[in-house]
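Side chains are part of it too, since the values below use all heavy atoms of this structure and drop only hydrogens, waters and symmetry mates.
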Amino acid sequence: PIYGTGQGSGNSPQLWNFVCSTLFDAYEKRATGACFASYDSTLLEKLYMTGYVDDCCQRINDFTAFPQPTSEEIIDRMQHDAQWWHDLLWASGGALEISKCSFHLIKSQWTSNGVPFLAPNAADK
């Protein structure tokens, strides 16, 4: 079919699995991603994207950088990765559902006792 197998087709989930696995692999080659580590850095996990059917979630962080990147730098990286995902989807015949696209920038600060808290919405210093 010219327009794919369609949402109600019985083999659509299997076909999408083949397509998205390839797209996820390609995405990982150029995306920033996010690295999560245990307190002593003995356990590290790098995540680029998680997906459920056709809903995907990308993550960006740079916890090890000193100094920490500014909000603008993080947003630039997010935009790069989102554009890359758009380009991959478009090349495969898909498209982003813009009404479902958003991002959340979360910045933390630390008390003098080492307790994290969400930073207020203020410009980087």
message: When you measure from the side chain of Gln58 to the backbone of Tyr48, do you find a donor-acceptor pair of N or O atoms at a distance under 3.5 Å?
response: no
- request: Could you grab the distance from atom CG of Leu88 to atom CE of Met49, nearest 0.5 Å is fine?
  value: 8.0 Å
- prompt: Which distance, rounded to the nearest 0.5 Å, do you find between the OG of Ser112 and the CH2 of Trp110?
  reply: 13.0 Å
query: If we only count heavy atoms from C-beta on, is the Lys107 to Ile74 side-chain gap below 4.5 Å?
result: no
task: State whether the side chain of Asn61 and the backbone N or O of Cys35 hold a donor-acceptor pair below 3.5 Å, judged by distance alone.
output: yes
field: Within-4.5 Å side-chain heavy-atom neighbours: Leu105 and Phe103
entry: yes
query: Counting only heavy atoms not in Phe117, do more than 12 fall under 6.0 Å of its CZ?
result: yes
- line: Rounded to the nearest 0.5 angstrom, the CH2-CG distance for Trp85 and Leu96 is 8.5 Å
- request: Please report the shortest heavy-atom distance between Trp84 and Ala26, naming the atom on each side.
  value: NE1-O, 3.5 Å
task: Would you name the heavy atoms of His104 and Ser102 that are closest together and state the gap between them?
output: NE2-OG, 3.8 Å
Distance-minimising heavy-atom pair for Thr32 and Arg77: OG1-CB, 4.0 Å
message: Pairing donors with acceptors under 3.5 angstrom, does anything connect the side chains of His80 and Gln83?
response: no
- request: Could I get the full list of side-chain hydrogen bond (donor to acceptor under 3.5 Å, both in side chains) partners for Asp40, not counting sequence neighbours?
  value: Ser38, Thr42
field: Verdict with supporting geometry, Tyr27 and Leu89, side chain to side chain contact (heavy atoms under 4.5 Å, CB included)
entry: CA-CA 10 Å; Tyr27 178 79; Leu89 282 177; over 6 Å; no
task: Can you see which heavy atom on Asp62 is nearest to which on Pro69, and at what distance?
output: CB-CG, 3.9 Å
- request: Not counting sequence neighbours, which residues clear side chain to side chain contact (heavy atoms under 4.5 Å, CB included) with Gln79? List them please.
  value: Ile75, Asp76
task: Might you point out which heavy atoms bring Phe24 and Gly51 nearest each other, and give the distance in Å?
output: CZ-CA, 4.2 Å
- request: Answer yes or no: is there a side-chain heavy-atom contact under 4.5 Å between Arg59 and Thr50?
  value: yes
Minimum-distance pair of heavy atoms, taken over all atoms of Ser92 and Leu23: OG-CD1, 3.8 Å
